[in-house]
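Quick notes on the structure that follows.
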Protein chains: 2
Amino acid sequence: MTTPGRGLHGQVLDALGPAITAGEYPPGSVLRTDELAQRFDVSRSVMREAVRVLESMHLVESRRRVGVTVRPKAEWNVYDPQVIRWRLAGADRPHQLRSLTVLRSAIEPVAAGLAARHATAEQCAELTECALGMVANSRGHRLEKYLVHDVAFHRVILAASGNEMFARLGDVVAEVLAGRTHHEVMFEDPLPAAVTLHVQVAEAVRERDAARAERLTREITIGALQELDILAP
Amino acid sequence: MTTPGRGLHGQVLDALGPAITAGEYPPGSVLRTDELAQRFDVSRSVMREAVRVLESMHLVESRRRVGVTVRPKAEWNVYDPQVIRWRLAGADRPHQLRSLTVLRSAIEPVAAGLAARHATAEQCAELTECALGMVANSRGHRLEKYLVHDVAFHRVILAASGNEMFARLGDVVAEVLAGRTHHEVMFEDPLPAAVTLHVQVAEAVRERDAARAERLTREITIGALQELDILAP
DNA sequence: CACAGCCAAAAAGTCAGACTTATTTGTCAC
DNA sequence: GTGACAAATAAGTCTGACTTTTTGGCTGTG
């Protein structure tokens, strides 16, 4: 996704970030920059830059005379795309995927409602195009192509909502959908009902029917929750 | 909020961050670390650390032979609490406040529904306590005390949802509520209807009535949207 | 025994300077 | 015009010396 080796400090981050988010260093653990610098065979300057980045993500806290201490999970910047990627790559991938799916279930219906009001003609066109692409690849082991259109569909919805906070969740949704297709439970072919719902959402947005777009999208996200067995009894 | 002067690089960030998020350096602008280091009278090491942090927030991109370029607003990590603070302190505070209020309107009802399922006995107690505190300070120019209980109430709801992504929005909601009380339109006393709704949400959570908790919270957020004139015609 | 204050060690923080590397731009030959 | 090559530029890296803050222990005194 993001260029992996953007400098030495980036390589260090690619090693330290996942380790910390995976809980390899439990909260309260103390690291020392000099020791880390030796371990990764980089200069202290480089290690300091890496620590600064981890600090800005609230993964660690650097204090004089004590060292770099790992912060409790509850304080992490869990919306940082980098942190999300690290965690999705690690051991608590399932847990992370659940959290994000619940987030989706809250955001996307509202975003769809807003999209019905604010979407441009182009965005409406893109939306129908994506929906058609999903239909075209909904049968016969074309999961990869289906995924591309699915991701694009949800990206357009979020962008068309006109809310920058929603728009920035496009990457997160992409990760979740990709994760579901590649690693989690995913049937051979997507459920026909889900495909139909996407087509109908595109319709509703095109017809400026905000309430319907919201309701239909809520049904989609309920389906996503059910797949992960998150649901009210 | 966060300790302001946590080192020289922090002071540089406190100056550069707001400037960039305020659009003082338009997207595509090129900065040079050496020049910045001179301007802020710090060593290059310190300036490099600051740039690394800005880079991790996707506010800037550092490339060899070209310099540090400001990224377009659409790529910023708008969920980073630091970025949110900087933007709330700057010129587009009203716009930012609207975006965040829309976000709240999507998240909080779902969070309340989940809280009704997962809240512990303690959290239920805290909730009623907060609601009572709001009632007690709802009349007679006690906005500050009212605010404290209001913030606490929403924090508990988000935390009790059991979803870490929701829980981490507590700070954001606190900023929005504080912003509304301190700088934006806020009536002398809060609307009695809003206060009642909070009490009822606490009731619903205590009685494990998820649907009711969600519906009532949606009414609260609709009120918040109306205050800012964001609403369907 | 308790407590205040002082001292020394430890680790991060800061700085300055030299050097490396990648990228761009311009130039020259073909 | 197009290709390759050379020079300029700014970030990237490393090193070593120095400063500052914090902590924990060690006094000495009430």
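Bear in mind the structure is a predicted one, so any value in this text is a computation, not a measurement. Throughout, protein chains are lettered first and strands after them, A, B, ... in sequence-line order, and every chain is numbered starting at 1.
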Kindly say if A:R52 contacts the phosphate of C:dG13, meaning a side-chain N or O under 4.0 Å from OP1 or OP2.
yes
With a 4.0 Å cutoff (strictly under), does any side-chain N or O of B:T33 reach OP1 or OP2 of D:dA11?
yes
Rounding to a whole Å, what distance do you find between B:E35:CD and D:dA11:C1'?
14 Å
Less than 4.0 Å between a side-chain N and a carboxylate O, is that true for B:R52 and B:E49?
no
Under 3.5 Å, is there an N or O donor on one side and an acceptor on the other linking the side chain of B:R65 and the base of C:dT24?
yes
Does a salt bridge link A:D14 with A:R85, judged by any charged N lying under 4.0 Å from a carboxylate O?
no
Tell me, yes or no, whether the heavy-atom count around A:E129 atom CD, taken from other residues, nucleotides or ligands under 6.0 Å, exceeds 12.
no
B:R64 has a side chain; which of C:dT21, C:dC15, C:dA18 sits nearest to it?
C:dT21
Proximity to the side chain of A:E49 - top-ranked nucleotide from C:dT14, D:dT13, C:dA12
D:dT13
Per atom distances to the A:S45 side chain, the nearest of C:dA18, D:dA11, D:dT15 is D:dT15
Starting from C1' on C:dA12, measure out to CG on A:L36 and report it in whole angstrom.
13 Å
Here the distance between atom P of D:dA10 and atom CD of B:E61, to the nearest Å, is 17 Å
Just the rounded figure in Å: distance from C1' of C:dA22 to CZ of B:R63.
11 Å
